[in-house]
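Protein chains get the first letters and strands the later ones, always in sequence-line order, with residue 1 at the start of each.
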Number of protein chains: 2
Amino acid sequence: MLPVAIAGCQVQPGPFSFTREAPLFRSSLLSVHGPERIGIPGPDCLPCPPMARENTVDSRQEILRTAARLFQQRGYDATSMNDVAAALKLSKGGLYHHFQGKDEILFEIMNHAMEITQERVLAPVRGIARPEDRLRALIRLHIEVVLSPRDREITVMLHENHPLPPALRKRINVRKKEYVHFVEQLIAEVQKDAHKGMPKDVTAHAARPPKPRVSPRAAAFALLGMINWIYQWYKPEGELQAQNLIPQFTDLLFGGILS
Amino acid sequence: MLPVAIAGCQVQPGPFSFTREAPLFRSSLLSVHGPERIGIPGPDCLPCPPMARENTVDSRQEILRTAARLFQQRGYDATSMNDVAAALKLSKGGLYHHFQGKDEILFEIMNHAMEITQERVLAPVRGIARPEDRLRALIRLHIEVVLSPRDREITVMLHENHPLPPALRKRINVRKKEYVHFVEQLIAEVQKDAHKGMPKDVTAHAARPPKPRVSPRAAAFALLGMINWIYQWYKPEGELQAQNLIPQFTDLLFGGILS
DNA sequence: CTAAACCGACCGACCGGTCGGTTTTTTGGT
DNA sequence: ACCAAAAAACCGACCGGTCGGTCGGTTTAG
């Protein structure tokens, strides 16, 4: 099936350069005929060694990974199906054998990003009893996912809202809303618990605990904003990395800038 | 010059519909010949009354406003120059009379967004003496600018990073960095002042005040993230509006979710 | 009469997607 | 083990349409 990326063989696009690469030889090279049968490999690509045909699930995964990388680098609309095919050393027709269209590729990328969020953030967090611990874990795991160089689907999902057709977009938006709602309820629990733990003389004068000055909904949007915006400014060589960003963002949420 | 939008005359695109409208009559209609001279107006557009030719600055402003609205609705790459021209009831050639190219339009929109930030946020804030008041004002003004239905350039600038060519992008990025730096230094001042104001018995044991647990840089990025992300979730009919969002985001930054 | 504003045909390139192939791999029978 | 047929994977020409941008005009304003 599709050749996997091999050192020296991978397409190396610049940050915003358009390297429109036509495939120079059959990408599925299991035949006894080598690349010389149908062309000379490009100067930046050694012949890929033959390999067993893999199942279709792996083909689709490979396409989605490559497409996600290109969509992240150039944007969905500015990336063509020809670009995606070239990066995979496929023809466009070959790409269309695996996916019905460009819409489906974007949808699967975004859906996969929601799966990642479900598996890497929500599921672990749901297993934690104490709300404050749960919220701290959610912040850490969400930041880790946004910062992960492997999970490019996440930033594609964060950035590309408009291009999906309405029916597909709705399905993604439903999952996003569920996530926001989960965060909101979690913050509400943390705020409620914090009041329970306060000395009686602070709350005794009230019939019930006063509402916090920051509503759970506003806090949820603020938290998601500060974390999701990381993809806009983060630099792997910058001074803010996961290990010092996570505690600071966590402290900020719980205690503000003056904690 | 260009007709300004008149009730009943304005292009009404759906959120993601592509209304490819060809101009049906000369857009500069000062001639004694009315629109009937060259065609019947479209069903959704009454004839625009003739008006004095305006100067080129206003033409360019009108084009930038319209382009910003379309770029915000559909994205820069998914909006064509033909789309922009149609929305202005111009031909594409007419559009190219005012701007050298699509790049220039996006650059001017983003530059204008930085001007708006300079005039509506930075300049007023610089006139405030107390750092904490200055930071509170910055939060309020920045949120107001992001929420402003008129200042679509802001959300275009927040969203469209990649499409500009490197030289133009660099110029915008320099201004963005200046803004981030300003916010960072302001937060550092606020944190410093907060320590000055603490009772001696809390700080006397230290040779100098301990570093806050949230660095100014992390706090600046977090603050900009929570505010800039508003454009992704904000709904005019939602329960979170400027007047209740501003105090909550301010309280969150200063005191966290438990204040 | 000149300049500004505008138009519409046109350019080469590319878009998403299709289709009629070829090539490669898999499968089943001998 | 071999072979032929079927299926899967892939290719490249092609489709109608559109892209950003140009150019030789026409129309309108000064």
Side-chain angles (χ1 to χ4, degrees), chain A residues 1-3 18 20 22-35 37-39 48 50-60 62-63 67 74-86 88-106 163 165, chain B residues 1-3 18 20 22-35 37-39 50-60 62-63 67 74 76-86 88-106 163 165:
Chain A
M1 78 83 176
L2 311 172
F18 279 68
R20 307 302 181 90
L24 292 165
F25 48 90
R26 294 277 192 188
S27 49
S28 185
L29 294 174
L30 195 58
S31 74
V32 296
H33 306 292
R37 167 73 181 274
I38 52 176
C48 297
M51 65 197 76
R53 191 189 285 265
E54 292 165 11
N55 60 34
T56 55
V57 171
D58 288 347
S59 307
R60 282 171 64 94
E62 178 70 16
I63 292 170
R74 309 177 188 171
Y76 172 79
D77 291 308
T79 304
S80 67
M81 290 292 270
N82 221 35
D83 291 332
V84 178
L88 291 154
K89 299 196 181 347
L90 267 182
S91 66
K92 202 161 50 165
L95 186 53
Y96 276 90
H97 174 76
H98 296 277
F99 284 90
Q100 296 212 324
K102 202 181 183 189
D103 283 348
E104 187 192 4
I105 291 177
L106 180 60
Chain B
M1 84 88 186
L2 312 171
F18 279 69
R20 306 301 179 88
L24 292 164
F25 48 91
R26 294 278 193 185
S27 49
S28 184
L29 293 175
L30 195 59
S31 74
V32 295
H33 306 293
R37 167 74 182 272
I38 51 176
M51 67 196 75
R53 191 188 287 265
E54 292 166 10
N55 60 31
T56 54
V57 170
D58 288 347
S59 308
R60 281 171 65 93
E62 177 71 16
I63 291 170
R74 309 176 189 172
Y76 173 80
D77 291 308
T79 304
S80 66
M81 291 292 271
N82 221 34
D83 291 331
V84 177
L88 291 154
K89 299 195 182 346
L90 268 181
S91 66
K92 201 162 52 166
L95 187 52
Y96 275 90
H97 174 76
H98 296 279
F99 284 92
Q100 296 213 323
K102 201 183 184 189
D103 283 348
E104 186 192 5
I105 291 178
L106 180 60

From the list D:dG20, D:dC19, C:dG8, which nucleotide is the closest neighbour of the side chain of B:Lys102?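 That would be D:dG20.
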Could you check which of C:dC6, C:dG17, D:dC11 has an atom nearest any side-chain atom of B:Leu90?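 The listed nucleotide nearest to B:Leu90's side chain is C:dC6.
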Could you check if a side-chain atom of [X] sits within less than 4.5 angstrom of a side-chain atom of [Y], using non-hydrogen atoms only?
X	Y	result
A:Leu90	A:His97	no
B:Asp77	A:Arg74	no
A:Glu104	A:His98	no

In terms of the nearest nucleotide of DNA chain C, which residue is placed more toward the 5' end: B:Leu95 or A:Asp77?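 With B:Leu95 and A:Asp77 compared, the 5'-side residue is B:Leu95.
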Quickly work out the [X] [atom1] to [N] [atom2] distance and round it to whole Å.
X	N	atom1	atom2	result
B:Phe99	D:dG20	CZ	P	15 Å
A:Tyr96	C:dC15	OH	P	11 Å
B:Lys89	C:dC6	NZ	C1'	16 Å
B:Asn82	C:dG8	CG	C1'	11 Å
A:Glu62	D:dC10	CD	P	11 Å
B:Asp58	C:dA4	CG	C1'	15 Å
B:Met81	C:dC7	CE	P	14 Å
B:Tyr76	D:dC19	OH	P	13 Å

NA contact type, B:Gly93, heavy-atom cut-off 4.0 Å: base, sugar-phosphate, or nothing?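 Touches a base.
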Can you tell me how far CG of A:Leu88 sits from OG of A:Ser91, rounded to the nearest 0.5 angstrom?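 Answer rounded to 0.5 Å: 10.5 Å.
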Can you tell me whether the side chain of A:Lys92 and the base of C:dG16 have a donor-acceptor pair closer than 3.5 Å?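 Under the 3.5 Å cut-off, the side chain and the base do form a donor-acceptor pair.
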Side-chain N or O of [X] closer than 4.0 Å to phosphate OP1/OP2 of [N]:
X	N	answer
A:His97	D:dC10	no
B:His98	C:dC6	yes
A:Ser80	C:dC15	yes

Residues which pass side-chain contact (heavy atoms from CB on, under 4.5 Å) with B:Tyr76, listed by chain and number, not counting sequence neighbours: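 Per chain and number, B:Tyr76 pairs via side-chain contact (heavy atoms from CB on, under 4.5 Å) with B:Phe71, B:Lys102, B:Asp103, B:Leu106, B:Glu160, B:Pro163.
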